[in-house]
Amino acid sequence: MPEALIMETDASLLGVELEQKQQEELYQQLLLQTMGKMQNDSPPSKVIRPQPGMCVKTSSVSDKQKVFLNICQSQAVPPPPHLSQEALVKLLESEDPTSYRVPMSLGEPHTEVDNSSQGCTVYDVVINDEFFQKCQKDTLFHQFLIAVSLEGLENKYNLELSRDIKILKNRKFMGSVAEQNIRTKSKPIIQEIDSKEPHSLPSSIKCPEFTLLVEPPSGNAEYLIAEILLPGVISARSVVLDLGEDRLVLIARPALFYLDIFFPLLIDQENSVAQYNTKTQMLTVTMPVVSS
């Protein structure tokens, strides 16, 4: 009668497999929680239907195509800080006139047909109604409003618009003014973190070392660059990166790194680029800054 074969199980191997399974389950759980948090933490917003204000005709520099700006007004958009005409003159003569910010909502481009039955591109710009009325009564403020509207669209959509403009006297908007979804409450630039919060995460989850750089170092910021060190992460496939307009959330494994930070500036998510160097194990995220 043949002897029975006895298979001995290596307990250490089982322990490794069990730990890997637990790590994988923890990673998936953390990933789901993070994605849900990104959605739940999205800033409160509401849909508004702005009122017509004035229509500005210009053109794109690259292809000379007609472009119209529907500069609209709404109480839902907050007014900019009070600024006298003398202060505006000094601001325009200063080295950094962009230091004065005008809150505005910049809508997506839409195609309309002009009086010549030709297709054209139209952008809706919404500003505070009281500030709009102030600009209507003062020529300098009126020109300033048009200038910041053009600059806002150029920065958001990577355009170059002609400054040879024409204000349409017989119409306040081109096409139809669409509803816009605007943020009702801004996120704080510096967010306080509960000292108990880090302890709610499992001890196996680590916060990676990171550096946040501004380019250029002085003057108007053009880029935010995040350098995140991820020792032990051998491939970019192990990294989940989610960018919001003022936030970065990262999860990486197998070391289970977790990072959630807010930015002091708004960024252009669509044109941001992330590169992972497997030799230095450094993730570099280059994010263009959105000017307003």
Side-chain angles (χ1 to χ4, degrees), residues 13-43 45 155-158 183 186-217 221-291:
L13 291 177
L14 279 179
V16 171
E17 291 179 358
L18 180 60
E19 183 179 354
Q20 290 177 345
K21 183 177 180 180
Q22 291 175 340
Q23 289 278 65
E24 179 67 24
E25 290 176 351
L26 182 59
Y27 171 80
Q28 295 297 336
Q29 181 181 3
L30 182 60
L31 179 61
L32 291 174
Q33 290 177 349
T34 302
M35 296 304 104
K37 185 178 179 183
M38 285 293 289
Q39 294 176 357
N40 295 333
D41 287 353
S42 59
S45 62
N155 290 325
K156 182 173 183 179
Y157 295 109
N158 194 26
R183 181 186 293 186
S186 298
K187 292 181 181 178
I189 291 180
I190 300 177
Q191 185 181 44
E192 294 183 1
I193 300 177
D194 189 346
S195 59
K196 298 180 181 179
E197 188 179 26
H199 300 290
S200 63
L201 296 174
S203 58
S204 57
I205 298 176
K206 306 171 185 177
C207 179
E209 296 181 11
F210 70 93
T211 304
L212 193 61
L213 306 173
V214 178
E215 290 292 341
E222 297 181 6
Y223 293 92
L224 276 181
I225 302 175
E227 296 180 342
I228 307 169
L229 186 61
L230 300 172
V233 177
I234 61 175
S235 171
R237 295 182 180 180
S238 301
V239 179
V240 176
L241 178 67
D242 197 348
L243 286 178
E245 63 178 8
D246 60 355
R247 186 180 185 187
L248 179 151
V249 176
L250 173 142
I251 303 175
R253 57 175 179 172
L256 278 186
F257 288 107
Y258 176 72
L259 182 63
D260 185 355
I261 56 175
F262 285 89
F263 304 133
L265 299 168
L266 297 182
I267 64 158
D268 181 353
Q269 303 145 268
E270 294 183 359
N271 293 310
S272 296
V273 177
Q275 294 180 325
Y276 186 62
N277 188 320
T278 55
K279 292 183 179 180
T280 61
Q281 298 183 328
M282 176 78 74
L283 176 68
T284 302
V285 187
T286 304
M287 301 161 283
V289 173
V290 176
S291 302

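A quick note: this is a predicted structure, and the numbers were derived from the prediction, not measured. We number each residue from 1, following the sequence as shown.
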Open item on the list: As a quick check of understanding, evaluate side-chain contact (heavy atoms from CB on, under 4.5 Å) for Val249 and Leu259, giving each step before the final call.
Closed with: CA-CA 6 Å; Val249 176; Leu259 182 63; over 6 Å; no

Open item on the list: To the nearest 0.5 Å, what is the distance between CD on Glu209 and CD1 on Ile228?
Closed with: 12.0 Å

Task: Gap separating the CD1 atom of Ile261 from the CZ atom of Phe210, nearest 0.5 angstrom - done: 4.5 Å

Open item on the list: Counting only heavy atoms not in Ile234 (residues, nucleotides, ligands), do more than 12 fall under 6.0 Å from its CD1?
Closed with: no

Open item on the list: So, taking the atom named CG in Asp246 and the one named CZ in Phe263, what distance separates them when rounded to the nearest 0.5 Å?
Closed with: 8.0 Å

Task: OH-CG distance between Tyr223 and Leu265, expressed to the nearest 0.5 angstrom - done: 14.0 Å

TODO: Return each pair, listed once, that meets side chain to side chain donor-acceptor pair (under 3.5 Å) where at least one residue sits in residues 272-285; pairs must be two or more places apart or across chains.
DONE: none

Task: Minimum heavy-atom distance Gln269-Leu243, with the two atoms named - done: NE2-O, 3.3 Å

Open item on the list: Among Asp260, Ile267, Asp242, exactly one meets side chain to side chain contact (heavy atoms under 4.5 Å, CB included) together with Arg247. Which residue is that?
Closed with: Asp260

Open item on the list: How long is the straight-line distance from CG of Leu250 back to OH of Tyr258, given to the nearest 0.5 Å?
Closed with: 10.0 Å

Task: Value rounded to 0.5 Å, distance of CD in Glu227 from CG in Leu212 - done: 9.5 Å

Open item on the list: Could you report the tightest heavy-atom contact between Asp268 and Val290, atom names first, then the distance?
Closed with: N-CG2, 3.5 Å

